[in-house]
Asker: 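Pasting a structure here, questions to come.
Reckoned from all heavy atoms, side chains included, excluding hydrogens, waters and symmetry mates.
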Amino acid sequence: MRAVPPEALVLAGIGSVQFGAAFADKLFAQAGPAGVVFLRLLLSAVVLLAIARPSVRGRSRADTAAVVAFGLILGAMNWSFYEALNRLPLGVAVTIEFTGPLVVAIAGSRRVLDLVWVALAGGGVVLLASRGSHEGVHPLGVVLALAAATCWALYILLSKRVGRTFARLD
C-alpha cells in the first residue's frame with residue numbers, strides 16, 4: 001500500500017485541529033475549557049493506547065522525562081488555547097496562537113526564501129489581527145493565546161526530540 005502523502009497528512013491535521021476547536025467551543029458551557037481539554041486528551045490517550053500499545057520497558061529516565069514534558073506541554077497548549085477561546089473570537093485566538101510556529105520557523109530558517117515565506121505569513125497574522133472590530137477581545141484571552149503560542153513552539157521543538165527517540169506511534 002502506498003504511503004499517504006505528507007501534504008495530505010498536514011491538511012488532515014490542520015482540519016482536525018480547527019474542527020476540534022470549533023466543536024470544543026460549543027461544549028464550554030457544559031464542561032468548561034479545562035473539562036473539554038481533559039475529555040479531549042483522555043479520548044486521544046485511549047485511542048492511541050488502543051492503536052499503538054507502546055512499550056514502556058527499557059526506556060531511559062531522560063526518554064521518559066521527554067515524553068512527560070511533551071504531554072504536559074500538549075496539555076498546557078490545549079488548556080491555554082481553550083481558555084483563550086472562551087474569551088476571544090475563534091479567528092483572533094487562532095491568529096495569535098499561530099505566532100508560536102511562526103517564531104520557530106524564523107529561528108530555524110537557513111535560507112532567504114524561508115524568511116520571505118515567514119514574512120508573508122507574519123503579514124497575514126498582522127492583517128488578520130488588525131482588521132475588523134476588536135469587540136469581544138479580552139486582554140486575558142490575548143495572554144492565554146500567547147501562552148498557547150509559546151506551548152505550540154515548545155511542542156514543535158520537543159516533538160523533534162521525542163520523535164527521534166520513539167519509533168512510529170510509540
Asker: State the CG-CZ distance between L140 and R87, to the nearest 0.5 angstrom.
Answerer: 4.5 Å

Asker: Nearest 0.5 angstrom please: L48 CG to L41 CG, how far?
Answerer: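 Spacing of CG (L48) from CG (L41) equals 10.5 Å.
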
Asker: Any salt bridge (Lys or Arg N to Asp or Glu O under 4.0 Å) pairs touching residues 33-44, not counting sequence neighbours?
Answerer: none

Asker: Is I51 reachable from L43 through a run of hydrophobic residues whose side-chain heavy atoms are each under 4.5 Å from the next?
Answerer: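 Linked within one cluster.
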
Asker: At what distance, to the nearest 0.5 angstrom, does CG of L85 lie from CD of E83?
Answerer: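 The CD atom of E83 is 9.5 Å from CG of L85, to the nearest 0.5 Å.
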
Asker: For R164, which residues count as a salt bridge (Lys or Arg N to Asp or Glu O under 4.0 Å) partner, sequence neighbours excluded?
Answerer: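 Counting only residues at least two positions away or on another chain, R164 forms no salt bridge (Lys or Arg N to Asp or Glu O under 4.0 Å).
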
Asker: Test of understanding: clusters of I, L, V, M, F, W, Y form through side-chain heavy atoms closer than 4.5 Å, transitively. Do I73 and V104 belong to the same one?
Answerer: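 Yes, one cluster joins them.
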
Asker: Are V94 and I156 connected into the same hydrophobic cluster when the rule is that any two of I, L, V, M, F, W, Y join if their side-chain heavy atoms are below 4.5 Å apart?
Answerer: yes

Asker: Out of curiosity, F81 CZ to L90 CG, how far, rounded to the nearest 0.5 Å?
Answerer: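 Rounded to the nearest 0.5 Å, the CZ-CG separation comes out at 6.0 Å.
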
Asker: Check the hydrophobic clustering (I, L, V, M, F, W, Y; side-chain heavy atoms under 4.5 Å; chains of links allowed) and say if L157 and V162 are grouped together.
Answerer: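 Yes; V162 is reachable from L157 via cluster members.
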
Asker: When rounded to the nearest 0.5 angstrom, what is the spacing between CG in L154 and CG in L72?
Answerer: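 If I round to the nearest 0.5 Å, the distance is 12.0 Å.
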
Asker: Mind listing the closest non-hydrogen atom pair of F98 and W152 along with its distance?
Answerer: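 Distance-wise, the nearest heavy atoms are CA-CZ3, 4.0 Å.
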
Asker: Restricting to non-hydrogen atoms, name the atom on T165 and the atom on R59 that form the minimum distance, rounded to 0.1 Å.
Answerer: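 Scanning both residues completely, I find the closest heavy atoms to be O-NH1, 3.8 Å.
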
Asker: Do you know the tightest heavy-atom contact between A149 and I96?
Answerer: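 So the minimum-distance heavy-atom pair works out to CB-O, 3.7 Å.
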
Asker: Can you hop from V37 to F70 via hydrophobic side chains spaced under 4.5 Å?
Answerer: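 V37 clusters together with F70.
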
Asker: Closest approach of A147 and S80, non-hydrogen atoms and distance?
Answerer: C-OG, 3.8 Å

Asker: Mind running side-chain contact (heavy atoms from CB on, under 4.5 Å) on R161 and D63 for me, showing each step along the way?
Answerer: CA-CA 9 Å; R161 155 75 162 93; D63 292 347; 3.2 Å; yes

Asker: Step through the shown structure and confirm whether more than 12 heavy atoms of other residues, nucleotides or ligands are within 6.0 Å of CZ on F38.
Answerer: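 Incorrect, the count does not exceed 12.
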
Asker: Could you grab the distance from atom CG of L146 to atom SG of C151, nearest 0.5 Å is fine?
Answerer: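 Going from CG on L146 over to SG on C151, the span is 11.0 Å.
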
Asker: Taking all heavy atoms of L88 and all of A145, pick out the closest pair and write down the distance.
Answerer: CD1-CB, 4.2 Å

